[in-house]
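Residue numbers begin at 1 in each chain, while the letters A, B, ... track the order of the sequences.
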There are 2 protein chains.
Amino acid sequence: MGKAEDTKARLERAALTLFVARGVAETTTKEIAMAASVAEGTIYRYFPSKEQLALDLFLRHHQGLAEALTEAQRPAKGLRAKIEAIVRCYCEWADRDWTLFAYHLLNQHSFLIQVPDGMANPVTVVRDVISQAMKAGEIPKRNVDLAAASAIGVVMQAATYKVYGRFTGDLSDHVRFFADAAWAVLSVKEK
Amino acid sequence: MGKAEDTKARLERAALTLFVARGVAETTTKEIAMAASVAEGTIYRYFPSKEQLALDLFLRHHQGLAEALTEAQRPAKGLRAKIEAIVRCYCEWADRDWTLFAYHLLNQHSFLIQVPDGMANPVTVVRDVISQAMKAGEIPKRNVDLAAASAIGVVMQAATYKVYGRFTGDLSDHVRFFADAAWAVLSVKEK
DNA sequence: ATTTTATAAGTGAGTAATCACTCAATTTCA
DNA sequence: TGAAATTGAGTGATTACTCACTTATAAAAT
């Protein structure tokens, strides 16, 4: 890794850690610089602004996750298998870089509206899979967004609880449960 | 309503609306005052600081919701009925004052650690109900926090989607589905 | 090899703007 | 008429960002 790239990576990691620990607005450029062992001015050699740095970090993870989920579910046949593939991929992303994952999870509200049109999107991937399965008659037809939200919530709220420290250990340890639970949610029948 | 109480209520409502629309850190005291049609200084006759105002709003809803959930589930017999009572109560709170609800939902990260020990807590209520049901053998035994997170996620993620505008209409319209889905999550068997 | 030159990387004091909060003066109203 | 409520200009502190300058790196010329 070149010197410049190393500096940029150090800045991103320092910012990430602070953003998760104290929030984006509450983190100062001086703190980021100190944590990365550079002067404040150096930040602006690599990023046009603090906000852009924060957005870059978000979008990179957002797009990367979306593409990984797309690839993960593609070879799987049938909704049940696709769900498991998606859940496994998601949990592995979370466990691989928990700080980045937590940052993405905690700051969706701020950045989701700034996702460029056409950029790969984790939510869309899941929605499309569910929509297909409804058309194919694999699960009961209902409001797709509602069903997707509830199914996704099964995993995301567990991840959120881990961020809050309410439970510990790898998310991946619970892939089977999450997949079964999401499947159960989507299979709920109108009575 | 007295004049002072009216001013205080207007300030709270103005702050709430702005906090949801733009975030707490991004909302200035000047904006809050303008939205409430008072001078900036008036804020400080009713609240010691902007942060305390934000915390007050959060804690009042947090505690109110926890107490309502406790009452709602008490008379219900059996987990299935308790779940439905909890879900219905939660959705009604959301629909009754959506701005306050959205504020609470979007700012848990910042305020949850500041909840005083012993204060009624929505999460604890649900956790206890699930824990009881596991002990009673109504549902399979597993990590209570994990199960609670996934069950709660079914409803909370749907609420989050509504905040993002991904779907519209009252949450209460889907109580039956949420309850069925949460029940299905908790009933998932180890294989 | 040594010096010169060019470019990239890094620095940190300084700047302009913002913002939460104060307080002396004014208005409201019982 | 006195207490309570309100006002808004003022204050001190903070902060994102700039920029003139220094240092490191490497290529080119001698």
Side-chain angles (χ1 to χ4, degrees), chain A residues 1-60 99 103 106-107 109-111 113-114, chain B residues 1-60 99-100 103-104 106-107 109-111 113-114:
Chain A
M1 194 188 287
K3 196 179 158 195
E5 276 138 31
D6 173 69
T7 303
K8 186 173 185 184
R10 282 214 320 284
L11 275 169
E12 286 176 340
R13 184 52 51 173
L16 202 57
T17 310
L18 288 163
F19 287 167
V20 169
R22 325 203 317 115
V24 174
E26 293 75 12
T27 300
T28 69
T29 49
K30 180 166 275 183
E31 285 174 320
I32 297 170
M34 274 185 53
S37 306
V38 296
E40 215 178 335
T42 304
I43 294 171
Y44 295 89
R45 193 162 294 279
Y46 297 96
F47 305 95
S49 69
K50 186 182 104 169
E51 276 311 305
Q52 191 62 47
L53 162 55
L55 183 60
D56 278 4
L57 286 169
F58 182 87
L59 289 182
R60 192 187 315 154
T99 309
Y103 172 69
L106 294 176
N107 293 279
H109 329 314
S110 339
F111 296 123
I113 43 166
Q114 298 181 68
Chain B
M1 194 188 290
K3 197 179 159 195
E5 276 138 32
D6 173 69
T7 303
K8 187 171 185 185
R10 283 213 321 284
L11 275 169
E12 286 176 341
R13 184 52 53 173
L16 201 58
T17 310
L18 287 163
F19 288 167
V20 170
R22 326 203 316 113
V24 174
E26 291 77 11
T27 299
T28 68
T29 48
K30 180 167 275 186
E31 285 174 321
I32 297 170
M34 274 185 53
S37 305
V38 297
E40 216 179 335
T42 304
I43 294 171
Y44 295 89
R45 185 159 300 275
Y46 297 98
F47 305 96
S49 70
K50 186 182 104 170
E51 277 310 306
Q52 191 61 46
L53 161 55
L55 183 60
D56 277 4
L57 286 169
F58 181 87
L59 289 183
R60 191 186 317 156
T99 309
L100 182 56
Y103 173 69
H104 184 258
L106 295 174
N107 292 281
H109 327 315
S110 337
F111 295 122
I113 44 167
Q114 298 181 66

**Fill in**
With sugar-phosphate taken as primed atoms, P, OP1 and OP2 and all else as base, the protein-contact string of nucleotides 18-26 of chain D at under 4.0 Å (heavy atoms; B, S, -) is B-----S--
**Message:** Going by the rule side-chain contact (heavy atoms from CB on, under 4.5 Å), which residues pair with B/E31 if we only count those two or more places apart in sequence or in a different chain?
**Reply:** B/L18, B/R22, B/T27, B/T28
**Asked** Nearest-Å distance, NZ (B/K50) to C1' (D/dA13)?
**Response** 15 Å
**Asked** Residues in salt bridge (charged side-chain N to carboxylate O under 4.0 Å, His left out) with A/E26, at least two apart?
**Response** none
**Prompt:** Rounded to the nearest Å, what distance is computed from the CD1 atom of residue A/I43 to the P atom of nucleotide D/dT15?
**Reply:** 13 Å
**Prompt:** Hey, does A/Y46 reach any base, or is it just sugar-phosphate, or nothing, if we go heavy atoms under 4.0 Å?
**Reply:** sugar-phosphate
**Request:** Return the residues of residues 12-36 of chain B meeting this criterion: a heavy atom under 4.0 Å from some atom of DNA chain C. Order them by number, or give none.
**Result:** B/T27, B/T28, B/T29
**All side-chain contact (heavy atoms from CB on, under 4.5 Å) counterparts of A/R13, not counting sequence neighbours** = A/L16, A/T17, A/D97, A/T99
**Message:** Below the 4.0 Å mark, does C/dG10 have OP1 or OP2 next to a side-chain nitrogen or oxygen of A/T7?
**Reply:** yes
**Message:** What is the distance, to the nearest angstrom, from the CD atom on B/E51 to the C1' atom on C/dC21?
**Reply:** 13 Å
**Message:** Run the salt bridge (charged side-chain N to carboxylate O under 4.0 Å, His left out) test against B/E51 and tell me which residues pass, sequence neighbours left out.
**Reply:** none
**For atom CG of A/D6 and atom P of C/dA8, their distance in whole Å** = 19 Å
Let me check something: any side-chain donor-acceptor pairs from residues 40-48 of chain A under 3.5 Å, sequence neighbours excluded? List them with distances.
from	atom 1	to	atom 2	distance (Å)
A/E40	OE2	A/T29	OG1	2.7
A/T42	OG1	A/A39	O	3.4

**Asked** Any side-chain heavy-atom pair from A/Y103 and A/L57 closer than 4.5 angstrom?
**Response** yes
**Message:** Test of understanding: with side chain to side chain donor-acceptor pair (under 3.5 Å), list the residues that count as partners of A/Q52, not counting sequence neighbours.
**Reply:** A/D56
**Prompt:** Among all residues two or more places apart in sequence or in another chain, which pass the side-chain contact (heavy atoms from CB on, under 4.5 Å) test with A/A14?
**Reply:** A/A35, A/A36
